[in-house]
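All remarks here apply to the structure that follows.
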Amino acid sequence: MPIITGAKVVVTCPGRNFVTLKIETDQGLYGLGDATLNGRELAVASYLQDHVIEDIWQFLYRGAYWRRGPVTMSAIAAVDTALWDIKAKIAGLPLYQLLGGASRQGVMVYGHANGADIDATIDSARDYQQQGYRAIRLQSGVPGLASAYGVSKDKYFYEPADGDLPRENQWSTERYLRSVPELFERARAILGDDVHLLHDAHHRLSPIEAGRLGRDLEPYRPFWLEDPTPAENQAGFRIIRQHTTTPIAVGEVFNSIWDCKQLIEDQLIDYIRTTVVHAGGITHLRRIADFAALHDVRTGCHGATDLSPVCMGAALHFDLSVPNFGVQEYMRHTPETDAVFPHAYSFADGYLHPGEEPGIGVDIDEAAAAKYPYRRAYLPVNRLEDGTMFNW
Ligand code: EZ4
Ligand code: CO
């Protein structure tokens with residue numbers, strides 16, 4: 001067996017910041033793990049630099065005394081993913097084979113269609129449909145609001161962390177609740193019945209407001225309504241459930257099974273969005289998925305651009321293997337990012353496949369990474385029209 005000889009942290013900004021852990025062995029084999037936490041990249045880099053598989057995971061989780069939290073769990077995830085990568089390379093198998101093999105032929109992904117108004121969003125969705133996507137997230141600018149989170153300026157590349165200091169966006173729940181049903185009504189009429197349509201509320205609503213939106217969207221049969229309300233109060237989701245049959249997805253900001261225990265156990269959600277990098281790696285994500293399977297909850301891993309190709313590769317092996325898979329978010333990375341992280345995964349006909357290379361099938365070009373030093377960038381904050389910061 002190869003012996004671990006060292007580990008290093010690579011911080012690079014090929015269009016956006018990424019933190020990558022590289023664990024090296026005495027036989028030239030190495031493993032990679034994504035450790036990127038949007039807007040707090042350097043905190044995780046420091047956690048890894050300054051201070052499994054199952055036993056190492058337990059050692060890092062229990063041994064640190066301070067359990068959970070996004071920084072700790074992203075750092076653990078990077079170690080966990082890199083070790084799975086090494087183990088699969090030793091076995092000479094793509095990671096999904098070590099996870100039990102493929103449960104399906106490909107991983108259905110959803111793309112992001114967005115635009116300043118409804119027409120532009122539907123145009124973008126048609127473009128995705130023509131490229132073969134079977135599932136599309138719709139986000140549109142809201143009439144009367146200058147900008148909206150989740151609506152990019154670029155056609156394909158979306159990066160919400162855009163300010164050296166946090167930008168402040170204005171929000172109106174009333175305007176938003178009026179505009180989304182109209183977006184879905186028109187989108188369903190134009191795009192037809194055969195495409196899955198998704199929407200992300202980015203934690204902007206109260207439970208009863210979310211119940212209203214879910215009900216208003218029911219005629220257009222959305223695949224899911226994501227992050228309807230902040231989830232610190234898991235019991236709040238019961239109110240949403242009482243008012244709508246629109247499926248609910250939540251969990252991109254969760255970092256532990258404890259963040260979603262009640263949501264899953266009480267069947268208050270339909271899709272759990274925890275992903276490899278922010279929820280403790282492959283090892284912990286499998287635990288969440290198995291628990292979810294017992295309660296008819298499927299997976300729907302977060303896959304925005306701030307999750308590096310290393311995370312995407314690992315997520316695809318997980319998605320291919322897990323029985324209760326639902327859908328995988330997929331926002332393509334910039335050409336600069338793809339050049340820093342050469343990868344075996346590929347898109348065809350609405351599905352991603354992780355490829356057959358041993359390990360997770362994603363590499364890092366350290367010389368290319370060194371060309372892009374870290375640049376500070378923070379996520380925006382939201383205020384209501386009167387200046388209030390409500391419940392997000
Ligand atoms: O806001 O990845 O569903 N996807 C999303 C993303 C997240 C960002 C946060 O870093 O909501 O756009
Ligand atoms: Co989201």
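Counting starts at 1 for both ligands and their atoms, following the listed order.
Ligand 1 places these atoms under 4.0 Å from at least one heavy atom of E329: 3 (O), 4 (N). Each of the atoms 2 (O), 4 (N), 5 (C), 6 (C), 7 (C), 8 (C) of ligand 1 lies under 4.0 Å from some heavy atom of H302. Atom numbering of ligand 1 starts at 1 in the shown order; those under 4.0 Å from a heavy atom of A304 are 2 (O), 6 (C). Near H202, the atoms of ligand 1 lying under 4.0 angstrom from a non-hydrogen atom of the residue are 5 (C), 11 (O). Ligand 1 places these atoms under 4.0 Å from at least one heavy atom of R273: 3 (O), 4 (N). If you number the atoms of ligand 1 from 1 as listed, the ones under 4.0 Å from a heavy atom of N38 come out as 9 (C), 10 (O). Those atoms of ligand 1 that come under 4.0 Å of a heavy atom in D200, given as number and element, are 3 (O), 4 (N), 5 (C), 11 (O). Near D306, meaning under 4.0 Å from any of its heavy atoms, are these atoms of ligand 1: 2 (O), 8 (C), 9 (C), 10 (O).
Counting only heavy atoms of the protein, atom 7 (C) of ligand 1 lies nearest to E252 OE2, 3.3 Å. Scanning all protein heavy atoms for the shortest distance to atom 12 (O) of ligand 1 gives Y158 CE2, 3.5 Å. Shortest contact from atom 9 (C) of ligand 1 to any protein heavy atom: Y149 OH, 3.7 Å.
Between R286 and D290 there is no salt bridge, since none of the side-chain N atoms of the basic residue sits less than 4.0 Å from a carboxylate O of the acidic one. We find that D119 and R186 are joined by a salt bridge, their nearest charged nitrogen and carboxylate oxygen being less than 4.0 Å apart. The existence of a salt bridge linking D365 and K371 is excluded, since no basic side-chain nitrogen approaches an acidic carboxylate oxygen closer than 4.0 Å. Taking a cutoff of 4.0 Å between a charged side-chain nitrogen and a carboxylate oxygen, R332 and D338 do not qualify as a salt bridge.
With sequence neighbours excluded, the residues that form a salt bridge (charged side-chain N to carboxylate O under 4.0 Å, His left out) with E265 are K261. R134 is linked by a salt bridge (charged side-chain N to carboxylate O under 4.0 Å, His left out) to D349, counting only residues two or more places apart in sequence or in another chain.
T20 is listed as a side-chain neighbour of F341, based on a closest heavy-atom distance under 4.5 Å. In this structure, R16 and N38 have side chains that are in contact, with non-hydrogen atoms separated by less than 4.5 Å.
Note that K8 lies outside the cation-pi zone of Y30, set by a 6.0 Å cut-off to the ring centre and a 45° limit from the axis.
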Steps toward side-chain contact (heavy atoms from CB on, under 4.5 Å) verdict (T388, R383) | CA-CA 5 Å; T388 307; R383 290 186 190 276; over 6 Å; no
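Distances under 2.8 Å from the Co ion (ligand 2) pick out the protein N/O/S atoms D200 OD2, E226 OE2, E252 OE1.
Residue pairs meeting the ring-ring contact (aromatic ring centres under 6.0 Å, His included) criterion with at least one member in residues 296-330, sequence neighbours excluded: Y96-H317.
Heavy atoms of M331 come nearer than 4.0 angstrom to ligand 1 in no pair at all.
Using a distance-only test at 3.5 Å, with no hydrogens or angles considered, no donor-acceptor pair links the side chain of E24 to the main chain of A7.
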